[in-house]
A.B. asks: 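One structure coming up, written as structure tokens, with questions to follow.
FYI, the numbering just counts along the sequence from 1. Only this structure's heavy atoms are used, side chains among them; waters, hydrogens and symmetry mates stay out.
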Amino acid sequence: MENKKYILAISCKDVLGIIAAISGHFIKYNAFIIESSQYSDPRSNNFFIRIVFESPTTASTSIADNFHTVADKFQMEWTLQDLYYKPKVLLMASKASHCLVDILHKARCDSLDIEISGVVSNHRDLEHIAKWYEVPFHHIPITKENKQEQEEHLIKLIEDLGVEYVILARYMQILSPEFCNRYIGRVINIHHSFLPSFKGSKPYHQAFDRGVKIIGATSHYITDELDEGPIIEQEIIHVTHNHTPEKLIELGCDIEASVLSKTVKLQSEKRIFINGSKTVVFKR
């Protein structure tokens, strides 16, 4: 009998008996645990666990259909997906191409397990890149006068395409609080700075003015507070007094692309859990 592999991701309050209940459920349906990562936060008393398991195809449906008996008992938030499932992702960018190209390339090479539903931009500069990768391009120009109308257009596009995650690959527009709250935990941004330092639109210039010796990039979930969402991934490189703001920007592009693609991979593999204003990330 063929076995299939799945990812079970769970978060709940930490109480006695959670692991025993999950294990008992798996035993009942002949499921075998391949990989398991867990964390209990003593401050929030929140519990997080990610399990990769395999089970006979006849049992897998039963596990999913009947897991609510365990989940309800412990008031769990949980998802169960095929290990090889590719979530639908919408990429958004303005004019800078480095983050966008990196994700498009890695998705084409199958090093990112995602299905790219389209590219959205408020400019046409990146249209030729989307066409080269044979990905639908959606031009949604933004002005002060049409911002609300165009955001409604964006929401309709997300819903019509069945998009699960929106990736802001250097999308240089501020999304409304209503949009941010509608898609909590589903929109990831790359900020060209090592947050919480140097927020806003020109962090490299701020870094230069302060004479910092490291620069970095930060991926985070967006919230209705600009650049304040739960941080997911960060990287840095060392710089010197010789580096101009333009050189800092040049050096920062590689870090930005690297951090964002790593984050997309973590998200697609259900390795990220929101824990209040922070995240729990189970890495390989």
Side-chain angles (χ1 to χ4, degrees), residues 1-12 22 25-26 29-39 48-71 76-92 99-100 102-120 133-136 157-169 182-189 219 221 230 232-233 259-274 279-284:
M1 184 179 296
E2 181 187 358
N3 285 359
K4 291 192 70 175
K5 296 179 181 179
Y6 299 88
I7 302 171
L8 176 64
I10 299 169
S11 62
C12 61
I22 296 171
H25 189 78
F26 278 14
Y29 294 103
N30 298 314
F32 180 78
I33 295 175
I34 301 169
E35 175 191 338
S36 180
S37 302
Q38 66 187 68
Y39 174 69
F48 308 90
I49 188 167
R50 177 187 183 273
I51 301 170
V52 179
F53 69 93
E54 64 179 0
S55 69
T57 52
T58 54
S60 58
T61 302
S62 298
I63 289 175
D65 290 345
N66 296 308
F67 190 73
H68 66 86
T69 58
V70 178
M76 296 174 173
E77 293 183 9
W78 63 284
T79 61
L80 179 67
Q81 73 175 40
D82 189 292
L83 180 64
Y84 304 107
Y85 174 73
K86 294 185 176 184
K88 291 185 176 181
V89 168
L90 186 68
L91 303 177
M92 297 182 64
C99 291
L100 177 68
D102 190 61
I103 292 175
L104 289 169
H105 175 71
K106 287 177 178 174
R108 171 168 285 190
C109 296
D110 293 325
S111 61
L112 282 179
D113 290 327
I114 57 174
E115 178 184 331
I116 300 177
S117 299
V119 172
V120 169
Y133 280 97
E134 299 178 327
V135 172
L157 182 66
I158 292 170
E159 300 303 322
D160 288 349
L161 293 175
V163 168
E164 294 163 77
Y165 303 108
V166 177
I167 310 300
L168 305 181
R182 182 186 182 112
Y183 295 109
I184 288 176
R186 293 175 57 190
V187 185
I188 292 170
N189 183 45
S219 64
Y221 291 111
I232 303 168
E233 181 74 8
V259 168
L260 187 58
S261 62
K262 286 179 181 178
T263 302
V264 172
K265 189 171 184 65
L266 290 168
Q267 183 70 68
S268 69
E269 295 178 353
K270 293 289 185 179
R271 294 181 179 274
I272 311 169
F273 297 77
I274 295 178
T279 61
V280 171
V281 182
F282 294 126
K283 297 187 177 181
R284 290 180 181 273

A.B. asks: Give a yes or no on whether the backbone of V163 and the side-chain of R186 come within a donor-acceptor separation of less than 3.5 Å.
C.D. replies: yes

A.B. asks: In terms of side-chain geometry, is the basic nitrogen of E233 or K283 positioned less than 4.0 Å from the acidic oxygen of its partner?
C.D. replies: yes

A.B. asks: If every non-hydrogen atom of F48 is compared with every non-hydrogen atom of F282, which pair is closest and at what distance?
C.D. replies: O-CZ, 3.8 Å

A.B. asks: Give a yes or no on whether E77 atom CD has more than 12 heavy-atom contacts from other residues, nucleotides or ligands under 6.0 Å away.
C.D. replies: no

A.B. asks: Should R50 and I7 count as side-chain neighbours, where that means a heavy-atom distance under 4.5 Å?
C.D. replies: yes

A.B. asks: Give, for atom CD of E35 and atom CG of L83, the distance between the pair rounded to the nearest 0.5 Å.
C.D. replies: 9.0 Å

A.B. asks: Mark yes when over 12 heavy atoms from residues, nucleotides or ligands other than H105 sit less than 6.0 Å from its NE2; otherwise mark no.
C.D. replies: no

A.B. asks: Between side-chain atoms of residues 107-117 and protein atoms elsewhere (two or more places apart, or another chain), which donor-acceptor pairs fall under 3.5 Å?
C.D. replies:
{"residue": "R108", "atom": "NH2", "partner": "Y133", "partner atom": "O", "Å": "3.3"}
{"residue": "S111", "atom": "OG", "partner": "K106", "partner atom": "O", "Å": "3.2"}

A.B. asks: Using a 4.5 Å cut-off on heavy atoms from C-beta on, say whether the side chain of N189 contacts that of Y221.
C.D. replies: no

A.B. asks: Please determine whether side chain to side chain contact (heavy atoms under 4.5 Å, CB included) holds for the pair I33 and V52, giving the CA-CA distance in whole Å, both sets of side-chain angles, and the decisive distance to 0.1 Å.
C.D. replies: CA-CA 6 Å; I33 295 175; V52 179; over 6 Å; no

A.B. asks: Rounded to the nearest 0.5 Å, what separation is found between the CG atom of N3 and the OG atom of S55?
C.D. replies: 6.5 Å

A.B. asks: Report the distance from atom OH of Y165 to atom CD of Q267, rounding to the nearest 0.5 Å.
C.D. replies: 4.0 Å

A.B. asks: Taking C-beta and beyond as the side chain, do R284 and E269 meet within less than 4.5 Å on heavy atoms?
C.D. replies: yes

A.B. asks: Nearest heavy-atom pair of I232 and V281: which atoms, and what distance?
C.D. replies: O-CG2, 3.9 Å

A.B. asks: Working note: I34 + E54, criterion side chain to side chain contact (heavy atoms under 4.5 Å, CB included); need CA distance, chi angles, decisive distance, verdict.
C.D. replies: CA-CA 7 Å; I34 301 169; E54 64 179 0; 4.0 Å; yes

A.B. asks: Minimum heavy-atom separation for E164 to P87, with atom names?
C.D. replies: OE2-CA, 3.3 Å

A.B. asks: Atom CD of residue position E134 - does it have more than 12 heavy atoms of other residues, nucleotides or ligands inside 6.0 Å?
C.D. replies: no

A.B. asks: Can you give me the closest heavy-atom contact between L260 and L168, atom names plus distance?
C.D. replies: CD2-O, 4.2 Å

A.B. asks: Please find out if less than 6.0 Å separates the ring center of F26 from that of F53.
C.D. replies: yes

A.B. asks: Do we see a donor-acceptor contact under 3.5 Å between the side chains of Y29 and N66?
C.D. replies: yes

A.B. asks: Does CZ in F32 sit with more than 12 non-hydrogen atoms of other residues, nucleotides or ligands closer than 6.0 Å?
C.D. replies: no

A.B. asks: Do H25 and F67 come within less than 4.5 Å of each other through their side chains, counting heavy atoms only?
C.D. replies: yes

A.B. asks: Evaluate the side-chain proximity of L91 to L104: yes if any heavy-atom separation is below 4.5 Å, no if none is.
C.D. replies: yes

A.B. asks: Partners of I49 by side-chain contact (heavy atoms from CB on, under 4.5 Å), sequence neighbours excluded?
C.D. replies: I10, I19, I22, S36, Q38, F47, I51

A.B. asks: For K262, enumerate each residue passing the salt bridge (Lys or Arg N to Asp or Glu O under 4.0 Å) test, keeping only those at least two apart in sequence or located in another chain.
C.D. replies: E235

A.B. asks: So that I can tick it off, tell me whether D82 and K4 are bridged by a salt bridge, with the cut-off set at under 4.0 angstrom between side-chain N and carboxylate O.
C.D. replies: yes

